[in-house]
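Here is the structure we will look at.
Remember, it's a predicted structure, so these values are computed and weren't measured experimentally.
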Protein chains: 2
Amino acid sequence: MAKRTANGTAARRRTDALSRELIIQTATEILDSDGESALTLRALTVRLKTGYGAIYHHVADKNDLLAAATDDVITNVLSGTVTTGGPRETLRLLALGLFDAIDAHPWVGAELSRQPWRPALLDFYESIGSLLDALAVPEGARFDAAGTLVNYVLGVAVQNAANARHLADGDTDRGAFLNTTAEQWAHLDPGRYPFVHATVTQLREHDDREQFLAGIDIFLTGIAALRPA
Amino acid sequence: MAKRTANGTAARRRTDALSRELIIQTATEILDSDGESALTLRALTVRLKTGYGAIYHHVADKNDLLAAATDDVITNVLSGTVTTGGPRETLRLLALGLFDAIDAHPWVGAELSRQPWRPALLDFYESIGSLLDALAVPEGARFDAAGTLVNYVLGVAVQNAANARHLADGDTDRGAFLNTTAEQWAHLDPGRYPFVHATVTQLREHDDREQFLAGIDIFLTGIAALRPA
DNA sequence: CCGTTTATGGATCGCCGCTCCAACGGACGT
DNA sequence: ACGTCCGTTGGAGCGGCGATCCATAAACGG
């Protein structure tokens, strides 16, 4: 029989360690399996078999938790990217690594868009900077070029997150969702929307990852032209 | 003395018309003046001097409201863009129009990133498509190119929205916020982060709008390379 | 004039993030 | 062996959110 507090609650204490890392890891599991909206403090207390106080002792607030989980993912991406090979190829791999990570954890995209200047991204910026240098981009244009690349990656990340959110509720899978959109587009007036209408097939069949890479190549080509003559 | 309902509430009826449009317009006002987080149904009922029922009679839910407000802004952008001049210049103006609109209404950026396939953007896609055609981008590459451009614009939009959110709470103005970030960057180890460290000055002095245009130009240059030989 | 439809206001619900505090129990001095 | 701290812990409770529900009031059609 557990003793009772003044509140009439049973107060039995856990013996295993509850740590900031364990909380972040559990949060990541919830986010990955059930989506952004499933991460509530209530869900966390249930999963960790604890109370709010314990969690808030290790974590400032929900923002802190999300930011930490995001930093974790980003850090792993950077450490796992191959940096041998030419600057252009390395830049592609770097961007692709970020794309794949956000594809696997769409909530990272949403969170990154909320806080794009996280320290974890510093190494990312730094890598881009040195690679742009290697591509002979003059110093004056490097800041703009780096910003452009990051903005593009962020834009794709946000799209991914949005798509993932739509898939989570209702639609069965990506194919069904795309077909729905394509269906709507197909019914548009071809006179008023010739381009969109003509694009329906590609919307159905396109590969997000390849399209992302195509975009990266467009920007890299444009950046290459910044090289002083 | 007003008559009382069974609930004990005073039920006096308004004479002026409450319409979907009025609700959307009021929501826009709240969003513009006090930011995304200030738009609550309670705030709306207060401002409109009405109840929840009246609002929900004209609007499906909060998402519907935000989407409608966003559509409004976007529609105005497109109708206000000058389309005389060459395709390259028109594309720049189109993108710039969207940038300025989101700069003036940052919440549009956040909402657009949540629902990037809104019908209001169809005209935008359509314009991009025809302009890419005019720029001699082959049909096979047009879909990827258009998607890339939209993603880039969206990425910038999200950044703007995030910055606006940070400005709203605490920091006095943009300058102070940037200085804070720049301060942190300046204290980084120049050995480990040479690029970021060297960029501090540009972070302080750069103009978002010009940087956005620089990115558009990089994109346009990259696009030009897609032209068949 | 009365029945039907449309519009309205607000009590109320369930859930959220977060605060607050009493209770626990290991570390440690004695 | 035994206080007595103090870093942890659990959970009741708060204020605020989006959304629902329903009694009522005006508008309308015959």
- [ ] Could you check which residues of residues 57-68 of chain A get a heavy atom under 4.0 Å from DNA chain D? Sort them by number, please.
- [x] A:H57, A:H58
Open item on the list: Among residues at least two apart in sequence or on other chains, which ones pass side-chain contact (heavy atoms from CB on, under 4.5 Å) with A:A198?
Closed with: none
TODO: Return the set of residues passing ring-ring contact (aromatic ring centres under 6.0 Å, His included) with A:Y152 (not counting sequence neighbours), or none when no residue passes.
DONE: A:F212, A:F219
Task: Pairs satisfying salt bridge (charged side-chain N to carboxylate O under 4.0 Å, His left out), at least one member in residues 177-188 of chain B, at least two apart - done: B:E183-B:R204
- [ ] With a 4.0 Å heavy-atom cut-off, tell me which residues in residues 23-32 of chain A come close to DNA chain C, sorted by residue number.
- [x] none
Open item on the list: I need the CD1-P distance between A:I55 and D:dA12, as an integer number of Å.
Closed with: 15 Å
- [ ] Answer with base, sugar-phosphate or nothing: what part of the nucleic acid does A:L44 contact at a heavy-atom distance below 4.0 Å?
- [x] nothing
Task: Residue pairs involving residues 93-116 of chain B (criterion salt bridge (charged side-chain N to carboxylate O under 4.0 Å, His left out); sequence neighbours excluded) - done: B:E36-B:R114, B:D100-B:R209, B:E111-B:R114
Open item on the list: Going by the rule salt bridge (charged side-chain N to carboxylate O under 4.0 Å, His left out), which residues pair with B:E29 if we only count those two or more places apart in sequence or in a different chain?
Closed with: B:R47
Task: Short side-chain N/O contact from A:Y52 to OP1 or OP2 of D:dG11, under 4.0 Å - done: no
Open item on the list: Tell me whether B:Q159 contacts the main-chain N or O of A:P116 through its side chain, where contact means a donor paired with an acceptor under 3.5 Å.
Closed with: no
Task: Residue list, ring-ring contact (aromatic ring centres under 6.0 Å, His included) with A:F143, at least two apart or on another chain - done: B:H206
Open item on the list: Rounding to an integer number of Å, can you tell me how far A:L22 CG sits from D:dT9 P?
Closed with: 10 Å
Task: Sequence neighbours excluded, every pair satisfying salt bridge (charged side-chain N to carboxylate O under 4.0 Å, His left out) that has a member inside residues 187-201 of chain A - done: A:R192-B:D123
Open item on the list: Test: salt bridge (charged side-chain N to carboxylate O under 4.0 Å, His left out). Region: residues 51-66 of chain B. Which pairs qualify, not counting sequence neighbours?
Closed with: B:R20-B:D64
TODO: Check for a donor-acceptor pair, side chain of B:T40 on one end and backbone N or O of B:A43 on the other, with a separation under 3.5 Å.
DONE: yes
- [ ] Among the candidates D:dT9, C:dT19, C:dA11, find the nucleotide nearest to the side-chain atoms of A:A54.
- [x] D:dT9
- [ ] Output all residues satisfying side-chain contact (heavy atoms from CB on, under 4.5 Å) with B:A186, sequence neighbours left out; order by chain, then residue number.
- [x] B:V200
Task: 5' precedence on DNA chain C between A:L41 and A:G53 (nearest-nucleotide basis) - done: A:L41
Quick one: which protein N/O atoms are closer than 3.5 Å to N/O atoms of nucleotides 13-15 of chain C? Pair and distance per line, please.
none

